Amino acid sequence: IVAYSTVEITKFKELAGTFRDQFGVQRIDKISPIFSSQNVIGSEFQQEVRLVELLDKVRVVSTTLIDNGQAEVEERKEGFVLHIKGDALLDAKSKRINEASGTMLDQIAILLSKERNLVEIRGHTEAQLGSKDSIESTSWYKGAFMAVAVAQRLTNSGELAPERLI
């Protein structure tokens with residue numbers, strides 16, 4: 001029948017029409033999936049894979065600090081946390097992000113810019129009783145200062161949108 005279809009198209013269509021109902025299948029319904037491109041399980045699995053890949057890349061970028069005991073990565077159910085010690089983050093004299101940590105944060109900003117997740121930044125310090133005359137000496141101030149410094153570094157590079165920070 002197929003060879004006949006190339007010789008005379010009109011006779012082939014006539015012949016094909018006689019066979020249409022002979023094989024027990026009257027019509028074939030096209031079944032469209034509920035979701036147009038992916039199912040729910042597939043997209044959730046993809047998110048998990050992307051998170052694991054991101055975690056691995058962040059570990060690579062922060063290897064120097066991790067190996068020196070200045071940082072650690074903690075895996076959690078909802079994602080992961082990169083803990084960086086304050087003395088590894090800030091230059092002691094200038095109280096600005098030091099060059100090594102700044103470079104690492106720039107690389108992390110690039111990695112995070114390729115994702116859609118929110119980024120939470122927290123500043124923690126050890127509890128210290130400071131002078132009552134100076135707010136700068138309090139743990140709260142130091143933690144807030146570090147968090148703001150990290151947020152500014154991540155967003156000033158232009159890689160990470162500020163609205164993704166919480």
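All residue numbers refer to positions in the sequence shown, counting from 1. Because the structure is predicted, anything quoted here is derived from the model rather than measured. Computed over heavy atoms, backbone and side chain alike; hydrogens, waters and symmetry mates excluded.
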Over 12 foreign heavy atoms within 6.0 Å of CD, Glu78
yes
Taking every non-hydrogen atom, the tightest pair across [X] and [Y]:
{"X": "Glu163", "Y": "Leu118", "result": "O-CD2, 4.3 Å"}
{"X": "Leu90", "Y": "Met146", "result": "CD1-CG, 3.5 Å"}
{"X": "Asn98", "Y": "Asp87", "result": "ND2-O, 4.5 Å"}
{"X": "Ser113", "Y": "Leu160", "result": "N-CD1, 4.3 Å"}
{"X": "Arg59", "Y": "Glu75", "result": "NH2-OE2, 3.0 Å"}

Taking C-beta and beyond as the side chain, do Leu112 and Leu54 meet within less than 4.5 Å on heavy atoms?
yes
To the nearest 0.5 Å, what is the distance between [atom1] on [X] and [atom2] on [Y]?
{"X": "Ile110", "Y": "Glu159", "atom1": "CD1", "atom2": "CD", "answer": "4.5 Å"}
{"X": "Ile166", "Y": "Arg122", "atom1": "CD1", "atom2": "CZ", "answer": "8.5 Å"}
{"X": "Lys114", "Y": "Arg50", "atom1": "NZ", "atom2": "CZ", "answer": "10.0 Å"}
{"X": "Glu72", "Y": "Phe80", "atom1": "CD", "atom2": "CZ", "answer": "13.5 Å"}
{"X": "Thr155", "Y": "Arg164", "atom1": "OG1", "atom2": "CZ", "answer": "12.0 Å"}

The residue among Ile108, Leu65, Leu105 that forms side-chain contact (heavy atoms from CB on, under 4.5 Å) with Leu82 is Ile108
Starting from [Y], can I reach [X] by hopping between I/L/V/M/F/W/Y residues whose side chains sit under 4.5 Å apart?
{"X": "Val81", "Y": "Val52", "answer": "no"}
{"X": "Val119", "Y": "Ile97", "answer": "yes"}
{"X": "Ile66", "Y": "Leu111", "answer": "yes"}

Give the C-alpha distance, both sets of side-chain angles, the deciding distance and a yes or no for side-chain contact (heavy atoms from CB on, under 4.5 Å) between Thr64 and Met104.
CA-CA 10 Å; Thr64 303; Met104 179 193 67; over 6 Å; no
Counting N and O atoms only, with roles assigned by atom type, does the side chain of Arg153 sit under 3.5 Å from a partner on the main chain of Asp106, one being a donor and the other an acceptor?
no
Sub-3.5 Å donor-acceptor pair from the side chain of Ser101 to the main-chain atoms of Ala88, do we have one?
yes
Do Leu154 and Ile121 pass the side-chain contact (heavy atoms from CB on, under 4.5 Å) test, and can you show the C-alpha distance, the side-chain angles, and the key distance before you say yes or no?
CA-CA 10 Å; Leu154 290 174; Ile121 299 172; 3.8 Å; yes
